[in-house]
Amino acid sequence: MTGSRKRNIAAAALAAALMLTACGGDTAVFDLTPAAEAHELLANQPAGLVVLDVRTPQEYGEGHIAGATNIDFYEPDFVRMLDALDKEQPYFVYCRSGNRSARAVDAMRDLGFAEVYELEGGILTWLEAGLPVES
């Protein structure tokens, strides 16, 4: 299968998932997304997609995915900061290796978020795939 065909299939699957989410009412989407699919997701962002980097401000400053908002997982009021976000917006969450983002996504699930994508393996896999970051 060609790379172009794989991308088209991934985009179609993502579109179908987004349509089901929009039409399904109570159907929440929580997806662990490999780097290549995450890059495709960000290139064809669902309306209102918020990119959350849950690393420390120092890590964020060393390089982050374009457009990311930094909310430090280690802040004592991290869950309260998540709770203040619009739970109907779609979110793409990542950290360094996937540990903090997995725990953040669990909290988001508990808080009632509707649509959350998590970068599998964190920004380390993003960088290993040769995908861009900004400082």
Side-chain angles (χ1 to χ4, degrees):
M1 188 178 300
T2 67
S4 175
R5 185 151 186 240
K6 286 181 184 176
R7 283 190 297 277
N8 289 341
I9 291 170
L14 176 61
L18 293 175
M19 287 183 357
L20 286 173
T21 300
C23 299
D26 294 335
T27 305
V29 173
F30 289 86
D31 185 40
L32 186 60
T33 311
E37 289 177 29
H39 187 256
E40 187 74 23
L41 172 72
L42 295 176
N44 301 295
Q45 291 188 9
L49 181 72
V50 177
V51 180
L52 287 182
D53 181 325
V54 298
R55 299 176 301 155
T56 66
Q58 180 179 346
E59 290 172 302
Y60 178 85
E62 292 170 357
H64 55 272
I65 295 173
T69 298
N70 183 225
I71 299 179
D72 186 353
F73 178 84
Y74 294 122
E75 284 294 320
D77 59 346
F78 176 73
V79 173
R80 190 165 31 107
M81 290 189 300
L82 287 179
D83 196 27
L85 298 174
D86 182 351
K87 293 170 186 64
E88 297 305 314
Q89 293 291 113
Y91 291 86
F92 175 76
V93 182
Y94 72 94
C95 65
R96 187 182 73 81
S97 65
N99 292 323
R100 287 173 279 181
S101 60
R103 291 168 46 197
V105 169
D106 285 345
M108 294 171 88
R109 182 180 290 113
D110 291 345
L111 291 168
F113 282 77
E115 184 176 355
V116 181
Y117 302 88
E118 178 189 356
L119 177 58
E120 183 176 27
I123 201 163
L124 292 177
T125 61
W126 182 269
L127 294 169
E128 287 171 5
L131 297 170
V133 294
E134 59 183 34
S135 298

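Note that the numbering runs from 1 along the sequence shown for the chain.
- Residue pairs meeting the salt bridge (Lys or Arg N to Asp or Glu O under 4.0 Å) criterion with at least one partner in residues 43-56, sequence neighbours excluded, are Asp53-Arg55.
- For residues 47-68, the ring pair (Phe, Tyr, Trp, His ring centres under 6.0 Å) pairs, not counting sequence neighbours, are Tyr60-His64.
- Ion pairing between Arg80 and Asp83 fails under the 4.0 Å rule for side-chain N and carboxylate O.
- A single hydrophobic cluster is seen to contain both Val51 and Leu131, as judged by linkage of ILVMFWY side chains at heavy-atom distances under 4.5 Å, directly or through other members.
- Note that the CG atom of Leu42 and the CD atom of Glu37 stand 12.0 Å from one another [nearest 0.5 Å].
- Here the CG-CG distance, from Leu49 to Asn44, works out to 11.0 Å after rounding to the nearest 0.5 Å.
- Side chain of Tyr94 to main chain of Ile65: a donor-acceptor pair is present (N/O by atom type, distance under 3.5 Å, no hydrogens or angles).
- Residues Gln89 and Gly48 share a closest heavy-atom pair of NE2-O, 2.8 Å.
- Thr125 pairs by the side-chain contact (heavy atoms from CB on, under 4.5 Å) definition with Ala35, Leu119, Glu128, not counting sequence neighbours.
- Shortest non-hydrogen contact noted between Ile123 and Gly63 is CD1-O, 3.9 Å.
- Applying the side chain to side chain donor-acceptor pair (under 3.5 Å) rule to Asn70 yields no partners; only residues at least two apart in sequence or on another chain are considered.
- Grouping Ile, Leu, Val, Met, Phe, Trp and Tyr by side-chain contacts under 4.5 Å, direct or through others, puts Leu111 with Phe30, Val50, Leu52, Val54, Ile71, Phe73, Tyr74, Phe78, Val79, Met81, Leu82, Leu85, Tyr91, Val93, Val105, Met108, Phe113, Val116.
- For the salt bridge (Lys or Arg N to Asp or Glu O under 4.0 Å) condition, the pairs that include at least one residue of residues 89-104, sequence neighbours left out, are Glu59-Arg100.
- Residues passing the salt bridge (Lys or Arg N to Asp or Glu O under 4.0 Å) test with Asp110: none are found, sequence neighbours excluded.
- In this structure Asp31 satisfies the salt bridge (Lys or Arg N to Asp or Glu O under 4.0 Å) test with no other residue, sequence neighbours excluded.
- For CD of Glu134, the number of neighbouring non-hydrogen atoms (other residues, nucleotides, ligands) closer than 6.0 Å is greater than 12.
- Residues meeting the side chain to side chain donor-acceptor pair (under 3.5 Å) test with Asp86, sequence neighbours left out: none.
- When every heavy atom of Glu118 is checked against every heavy atom of Ala102, the shortest pair comes out as OE2-N, 3.1 Å.
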